[in-house]
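Scroll down for the structure; my scribbles are underneath it.
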Protein chains: 2
Amino acid sequence: MTRVLVVDDEPQIVRALVINLKARTYEVDAAHDGATALQLAAARHPDVVVLDLGLPDMDGVDVIRGLRGWTRVPILVLSARHSSDEKVEALDAGADDYVTKPFGMDELLARLRAAVRRAEPAGTGEGDVIVETGEFTVDLAAKKVQRAGRDVRLTPTEWHLLEVLVRNSGRLVGQKQLLQEVWGPSYGTETNYLRVYMAQLRRKLEADPSHPKHFVTEPGMGYRFEK
Amino acid sequence: MTRVLVVDDEPQIVRALVINLKARTYEVDAAHDGATALQLAAARHPDVVVLDLGLPDMDGVDVIRGLRGWTRVPILVLSARHSSDEKVEALDAGADDYVTKPFGMDELLARLRAAVRRAEPAGTGEGDVIVETGEFTVDLAAKKVQRAGRDVRLTPTEWHLLEVLVRNSGRLVGQKQLLQEVWGPSYGTETNYLRVYMAQLRRKLEADPSHPKHFVTEPGMGYRFEK
DNA sequence: CGGGCGCGTCAGGGTTCCGTCAAAGACGGC
DNA sequence: GCCGTCTTTGACGGAACCCTGACGCGCCCG
């Protein structure tokens, strides 16, 4: 199920979007100002954001920057402004598309589909969404982990953490980046979360959890997943 | 260098685009019909395609489908048609964006930048910048150092120091600059830090630490990293 | 020829960082 | 409204890391 975050301060627009999106089986969250939008984005991790630039509390472009600080989620900008400069500024700040009001619902939905489609992982054909180690296998598409032939049960947070690490296989991921990608942009310093959840992952997946081979700690820097 | 394929049958539009793109150091190919476009795309593997839908030999949407059969290259559609149905059809066929003529060049270029930006890998396993010497390799993105096939563990400070030196490969880096980049702006004179950590780096990476080949001391001035 | 300066090396101590455990709090399902 | 699961906290021992001071060496210059 695709999750959409709608951000607009005009209730009738939000209403129209929510109705149309829900009718097409999207899951929808709505925010009417920038602060709520950033908070909801962090909490719910939408697959795409529809963002009106004219918000009551902050500049829409700053909302884009706030999101881009920690996520690459597609951002589709709505705006009453037709000026070329506004469009360029929003797009260069990290927006993916820019639609001027009034807009046609069909067109908006088509642009939304396009944004979601290209954000999907490229590995549809033969791309290996499955990562194997000597002891366990991770299927990123199916969100499944197997060990010794048996499915391993992971909580949502555990899975999310595993996913970020596996997607950066072999590469060091800084603790700040991990925290922000899993818990949201305001959690850049709560390193104790990492300690607890890394321990959970190792207990569930490593052969010898106290001497991890695949989830390696780099003291003072971050963690690294190694096949 | 980013390569753009421009497809349009109106010579003046192609000309305007080519001039503007080349001025911004894009590499540009141009086609005036669909068949040539598909052929050029296959031969040159552009990073983004700008496609006019009104072509003389075939339907623009079929060009999109032809491309999407084998590539996910971003496609930015240009069209004189404002109808919503046309847009929806093109977008659902696999286009990434749809701009109606007449268009502003600034806006088009901004949309092009957005399309290229989101197509570039978030960080795929390969494609990292790797610096090699005869004895060890440094992967700056993965924060990984290998020597004789084995991973070498570096502490945060050691890594930071190595990073500054490697980023200035071949150039002399003054001790003051090194100190300030690694330890912070208020540390301009504690040269003993440098001595200690340079020794650590050499012990971990040089074949003969007391006769360094890659981390060269320039007495009284600073240090230099040599491949 | 001797002193001074800059650099390399080593080892100890204070501090930060990490793994582990347990328990309270929040959330959702029945 | 209760119960089980998941998340968030807090505390503690141990490990890793950073700073520091001392010493030896080679080079330049007096």
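Below, read A as the first sequence line, B as the second, and so on, with proteins coming before strands; counting in each chain starts at 1.
Ring-plane geometry between A/F215 and A/F136 is classed as parallel, the angle between the planes falling under 30 degrees on a 0 to 90 degree scale with a further cut at 60.
Phosphate contact (OP1/OP2 of D/dT8, side-chain N/O of A/W183, threshold under 4.0 Å): present. Proximity of A/R202 to the phosphate of C/dC18: no side-chain N or O atom is located under 4.0 Å from OP1 or OP2. Within the 4.0 Å cut-off from OP1 or OP2 of C/dG19, at least one side-chain nitrogen or oxygen of A/T217 is found. Taking 4.0 angstrom as the limit, B/Y223 places a side-chain polar atom (N or O) nearer than this to OP1 or OP2 of C/dG8. For the pair B/T155 and D/dC18, the criterion of a side-chain N or O lying under 4.0 Å from OP1 or OP2 is met. A sub-4.0 Å separation between OP1 or OP2 of C/dT20 and a side-chain N or O of A/Q200 is absent. Here A/S210 does not reach the OP1 or OP2 of C/dG19: none of its side-chain N or O atoms lies under 4.0 Å away.
At whole-Å resolution of the value, CG in A/L179 and P in D/dT9 are 12 Å apart. The distance from atom CD of B/Q175 to atom C1' of C/dG8 is 14 Å, rounded to the nearest whole Å. Separating the CG atom of A/L194 from the C1' atom of C/dT16 is a distance of 16 Å, rounded to the nearest angstrom. Spacing between atom CH2 of A/W159 and atom P of D/dT7 amounts to 14 Å, rounded to whole angstrom units. Taking atom OH of residue B/Y187 and atom P of nucleotide D/dC19, one finds them 7 Å apart after rounding to whole Å. A/M198 has its CE atom 17 Å from the C1' atom of D/dT7, to the nearest Å. Rounding to whole angstrom units, CE of residue A/M221 and C1' of D/dC18 are separated by 14 Å. In this entry the distance linking OH of B/Y197 with P of D/dA16 reads 15 Å, nearest Å.
Among the atoms of the strands shown, none is found under 4.0 Å from any heavy atom of A/R203.
In this structure, CG in A/L112 is found 10.5 Å from CZ in A/R24, a value given to the nearest 0.5 Å. A distance of 7.5 Å separates CG in A/L21 from CG in A/L108, rounded to the nearest 0.5 Å.
In plain terms, the two heavy atoms of B/D47 and B/M1 that are nearest each other are OD2-O, 3.8 Å.
When the shell of 6.0 Å around NZ of B/K204 is examined, it contains more than 12 heavy atoms from other residues, nucleotides or ligands. Within a 6.0 Å sphere centred on NE2 of B/H211, heavy atoms belonging to other residues, nucleotides or ligands number 12 at most.
Under a 4.0 Å N-O distance rule, the pair B/D139/A/R171 does not qualify as a salt bridge.
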Tabulate atom names and distances for all N/O pairs under 3.5 angstrom spanning the protein and nucleotides 20-22 of chain D.
| residue | atom | partner | partner atom | Å |
| --- | --- | --- | --- | --- |
| D/dT20 | OP2 | B/Y193 | OH | 2.5 |

